[in-house]
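All chains are named by letter (A, B, ...) in the order of the sequence lines, taking the proteins before the strands, and each is independently numbered beginning at 1.
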Amino acid sequence: MLAAMSDFSAPHTLSVDLDHLNQAQRAAVTHPHGPLLVIAGPGSGKTRVITHRIGWLIEQGTPPWRILAVTFTNRAAREMRTRLESLIGQEQGSDVWLGTFHRICVRMLRAHGQEIGVPRNFVIFDSDDQMQVVRSAVKELQLDPKQYSPRALLSRISRAKSEGTSQQDFLAATGSYFDEVAGRVWERYAVQLSEASALDFDDLLLKTLDLFDQETVRQIYEERFDHVLVDEFQDTSTVQYQLARAWSAGSGNLTVVGDPDQSIYSWRSADIRNLNYFVRDHREATEVQLNDNYRSTQQILDVANAVIDRAADRIKRSLVTDNRDGALPRLHEAYSESDEAEYISNHVELGLRDGSLRPGDAAVLYRTNAQSRAIEESLVQHGIPYRLVGATRFYDRREVRDLLAYLRVVRNAADPVAFARVVNVPTRGIGAKTLDTLTEWSDLNARSTFQAAAAAAGIDADALGGYLVPPPVSRRAAASLKEFVTLIDDAREQSSREPLSDVLRSILVKTQYREWLVRQSDTETEAATRWENVQELITVTENYSGIAPGAALDAFLEDVALVADVDDLPDGPPDAVTLITLHQAKGLEFPVVFMIGLEEYLLPHQLSMDDPKQLQEERRLCYVGMTRAMRELHLLYAFRRAYQGRSGHNPPSRFLADIPEELLQRHLRQQARVGEDVRPARNRTVRWDDFDSFDPEPVSAPSVGLKEGDEVSHEIFGDGVVIALRAIGRDAEVTVRFADTGVKRLLASMANLTRA
DNA sequence: GCTACACCGGTTTTT
DNA sequence: CCGGTGTAGC
């Protein structure tokens with residue numbers, strides 16, 4: 001810290017180098033004080049600006065621990081920390097308050113939460129836990145889950161919370177009948193969380209905001225933070241913006257960095273209007289725009305700009321770069337999703353062979369996780385390594401959640417969600433009947449279900465004192481409950497002395513969890529995979545062996561709840577093709593990008609097509625995807641797509657229609673009409689309308705007597721399966737996946753295929 | 001109380 | 001195609 005001060009007095013020793021920044025970047029970095037708004041387009045060096053700004057501030061004399069930098073994802077936080085430390089050294093870098101909104105809130109709540117009645121050892125309920133609670137509330141209120149789906153209710157409650165609506169206000173408001181029901185569910189929900197000493201993600205933010213109503217707390221932090229920086233500001237919710245304001249209220253030094261064009265999380269209560277509010281609330285704010293792109297070729301940017309330009313209510317801005325000698329992005333019409341996948345595999349294979357590409361250079365971007373399947377299949381066939389980001393996350397796996405629930409009961413026996421999850425896992429003869437009895441008893445006597453279990457088992461849990469009549473359960477159930485309660489009590493005792501991993505191992509042994517997994521699994525492979533996950537979890541807990549046994553459990557459970565980021569546990573080899581959703585791809589970049597499923601009903605997604613606002617967001621999503629590409633961009637759509645079991649035809653995405661023809665290199669099956677109002681294509685021989693009659697049947701070429709799925713044989717290529725057919729005049733192009741030689745496209749009349 | 005199986009319906013994005 | 005729920009039979 002003192003070193004930094006002396007740096008200030010001797011500017012020539014500055015180590016944060018500003019020379020390689022452009023003018024706009026430098027302006028943002030060296031903005032001395034007061035509110036600052038940085039509009040940072042994709043690839044404009046946003047992270048660099050933030051890290052340099054932090055570095056610069058420190059050199060100007062601000063102690064690192066008086067700087068608070070907030071991100072949305074753990075990944076972003078980690079990257080920023082790494083880059084910051086390489087810029088200004090680990091010692092100073094590690095002192096900066098840097099983390100996600102949620103992480104920072106937890107830190108503040110752990111320190112001061114008790115002042116507003118937040119339990120010292122609160123646990124964090126993730127979305128799965130939340131869902132369980134809502135489900136039980138729906139049941140309790142005897143609602144029809146079809147009419148009032150827990151999912152919809154939870155999302156309504158969560159939205160209200162992130163908008164900063166209190167439970168009381170929500171109940172008092174004259175909303176729809178659905179809202180009324182949601183209000184009642186919310187009440188039950190809140191009670192359950194409170195009984196479990198739990199906060200959900202929204203609570204973490206809300207309670208922290210409440211914390212700042214406390215004069216003492218407010219003073220501490222107003223004096224603490226000299227500078228507050230918020231990344232991805234377009235993704236902030238109402239409550240998050242309020243937090244940012246509260247944190248920066250003392251100094252008035254709030255820097256927000258964002259890009260309205262990349263706002264893709266409104267469904268998670270991100271409110272793009274916060275950018276306007278920021279300007280409204282900070283009249284004197286300085287605005288800096290970063291439009292120079294250092295990632296993509298101009299050819300890619302032109303396409304992306306064309307798409308985002310059509311967004312309504314948008315202030316016109318365009319990304320530019322010096323990198324002008326790139327190839328035109330390619331638009332490829334595939335026949336089906338497997339054909340789409342083949343295009344990618346073939347392209348990657350080609351690149352690998354001529355050395356122009358490494359697997360890790362390429363990424364496949366899609367709207368929905370389900371789309372990854374076809375790509376995976378093809379990549380496997382071609383022997384191309386890939387890593388699937390997201391999909392089923394490690395901490396969402398059943399076996400992992402089971403064990404986490406065990407640990408949660410160990411930590412807090414009153415946690416009803418965790419209790420319900422594991423009390424009969426592995427099955428130990430405690431069924432619905434017994435559970436009902438326990439629940440009833442616990443409600444009646446204001447005890448936890450765990451205490452009910454202990455009482456039923458004849459174990460005198462602390463608070464009972466022998467005054468109460470134990471819940472009437474069968475002898476068998478009582479014996480099982482005793483076993484369970486003893487197991488938990490022993491584990492709790494063990495957890496105060498021994499490392500977490502050993503606690504976990506004891507539980508596994510005593511419950512014979514592995515045997516249960518095997519019994520539960522349909523195949524040996526499944527059992528093996530699930531056991532591997534268990535082992536992996538133990539490995540993770542071993543990272544906590546350096547912490548005192550008592551505290552390790554707390555720390556571990558907290559981390560697990562807050563880490564939804566998948567790249568903490570890479571799903572594959574590092575040098576592999578990345579398969580990732582458009583949402584998750586935000587903030588990443590790849591030399592070669594394949595965007596697949598550029599079709600109506602997929603992008604824009606079916607569920608977003610009715611609402612203009614959501615449609616805009618789909619457009620931005622498209623823009624985000626395109627701007628991930630550094631060198632090559634491939635846009636793909638399939639003529640025919642199997643989705644949810646059925647096969648159908650989607651027209652090409654309307655966003656494609658916004659791209660001027662000359663900006664793309666088109667590889668179309670047929671000269672096709674794209675989107676809605678497109679200029680007439682030249683030399684068009686077949687219109688989309690002509691294809692509709694084939695739908696949902698595949699295009700077939702009856703004259704060649706082949707259909708999809710036929711097993712055929714070829715003189716040179718050997719045996720294979722027809723995977724696609726397309727008419728070319730009276731002939732047909734037959735795509736065959738050969739067992740030995742891979743996928744080939746052949747002209748039926750020339751190939752001389754025989755049925756196998 | 002447990003398991004196996006049939007059915008149903010939903011099916012985006014995630015800190 | 002998946003998972004969650006409901007039912008019947010053990």
Side-chain angles (χ1 to χ4, degrees), chain A residues 70-77 99-106 124-128 130-132 135 139 145-146 149-152 154-155 158 161-162 199-205 231-232 235-237 239-240 263-270 337 365-374 389-393 395-396 398 424-436 473-474 476-477 480 516 519-520 522 559-566 568 580-586 597 601-609 614 617-618 620-622 624-625 642-647:
Chain A
V70 196
T71 63
F72 271 81
T73 65
N74 293 304
R75 186 178 66 204
T100 63
F101 269 103
H102 295 87
R103 184 71 78 170
I104 286 160
C105 286
V106 167
I124 302 161
F125 270 18
D126 66 17
S127 38
D128 190 81
Q130 291 178 283
M131 194 62 96
Q132 295 305 322
R135 259 196 256 276
K139 203 172 161 191
K146 292 202 176 118
S149 84
R151 197 187 158 75
L154 178 57
S155 115
S158 177
K161 286 173 113 173
S162 17
L199 302 184
D200 65 20
F201 287 132
D202 298 316
D203 292 333
L204 294 177
L205 309 178
D231 190 15
E232 305 281 16
D235 287 336
T236 45
S237 66
V239 170
Q240 284 164 334
S263 160
I264 55 174
Y265 282 108
S266 73
W267 50 273
R268 231 182 58 197
S269 308
E337 70 279 342
L365 274 50
Y366 38 80
R367 179 68 173 85
T368 70
N369 276 309
Q371 290 170 260
S372 69
R373 170 184 288 256
V389 180
T392 311
R393 302 206 304 270
Y395 290 109
D396 283 343
R398 251 175 321 183
N424 200 32
V425 172
T427 47
R428 47 171 78 86
I430 298 162
K433 180 82 194 309
T434 307
L435 278 180
D436 280 350
V473 300
S474 71
R476 214 187 117 179
S480 297
W516 153 253
R519 259 180 288 140
Q520 279 292 294
D522 293 330
D559 286 347
V560 167
L562 292 175
V563 172
D565 244 3
V566 253
D568 283 341
I580 191 169
T581 64
L582 288 165
H583 280 90
Q584 292 186 103
K586 191 173 75 161
Y601 306 107
L602 225 38
L603 187 69
H605 193 274
Q606 188 170 13
L607 301 177
S608 304
M609 289 174 78
Q614 290 187 55
E617 186 149 313
E618 298 287 311
R620 295 193 291 267
L621 200 47
C622 184
V624 166
Y643 195 58
Q644 292 170 214
R646 273 202 315 281
S647 176

- [ ] In plain terms, say whether A:Arg367 and A:Glu618 are close enough for a salt bridge, that is, a side-chain N and a carboxylate O under 4.0 Å apart.
- [x] yes
Using a 4.0 Å heavy-atom cut-off across all strands, classify [X] as base, sugar-phosphate, or nothing.
{"X": "A:Asp126", "result": "nothing"}
{"X": "A:Leu621", "result": "nothing"}
{"X": "A:Thr434", "result": "sugar-phosphate"}
{"X": "A:Tyr265", "result": "sugar-phosphate"}
{"X": "A:Phe72", "result": "sugar-phosphate"}

Open item on the list: How many whole angstroms separate atom CG of A:Asp200 from atom P of B:dT14?
Closed with: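 Computing the A:Asp200:CG to B:dT14:P distance gives 19 Å.
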TODO: To the nearest Å, give me how far apart NZ (A:Lys586) and C1' (B:dT15) are.
DONE: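 After rounding, the gap between these two atoms is 12 Å.
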Set of residues satisfying salt bridge (charged side-chain N to carboxylate O under 4.0 Å, His left out) with respect to [X], sequence neighbours excluded:
{"X": "A:Asp126", "value": "A:Arg401"}
{"X": "A:Arg103", "value": "A:Asp559"}
{"X": "A:Glu617", "value": "A:Arg620"}

So if I take every side-chain heavy atom of [X] and compare against [options], which nucleotide ends up nearest?
{"X": "A:Thr427", "options": "B:dC2, B:dT12, B:dT15", "value": "B:dC2"}
{"X": "A:Arg268", "options": "B:dT13, B:dT12, B:dT15", "value": "B:dT15"}
{"X": "A:Phe201", "options": "B:dT12, B:dT14, B:dT15", "value": "B:dT15"}

Open item on the list: Stem finding on DNA chain B, please: runs of three or more consecutive Watson-Crick or G-U wobble pairs, both distances under 3.5 Å, sorted by first number.
Closed with: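 Result, WC/G-U stems under 3.5 Å: B:1-9 with C:2-10.
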Taking only nitrogen or oxygen atoms into account, show me every contact under 3.5 Å that the protein makes with nucleotides 2-5 of chain C, one pair per line with its distance.
from, atom 1, to, atom 2, distance (Å)
C:dC2, OP1, A:Arg373, NH2, 2.8

TODO: May I ask you to decide if the ring planes of A:His583 and A:Tyr265 are parallel, tilted or perpendicular, using 30° and 60° as cut-offs?
DONE: tilted
Open item on the list: Taking only the P atom of each, what is the distance from B:dT13 to C:dG4 in whole angstrom?
Closed with: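 Rounded to whole Å, the distance is 16 Å.
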Open item on the list: Just to verify, what does A:Tyr366 make a ring pair (Phe, Tyr, Trp, His ring centres under 6.0 Å) with, not counting sequence neighbours?
Closed with: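 Partners of A:Tyr366 by the ring pair (Phe, Tyr, Trp, His ring centres under 6.0 Å) criterion come out as none, since no residue qualifies.
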TODO: Kindly state whether the pair A:Trp267 / B:dT13 counts as stacked, where counting means centroids closer than 5.5 Å and planes tilted less than 30° apart.
DONE: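 Taking the rule of under 5.5 Å and under 30°, the ring of A:Trp267 does stack on B:dT13.
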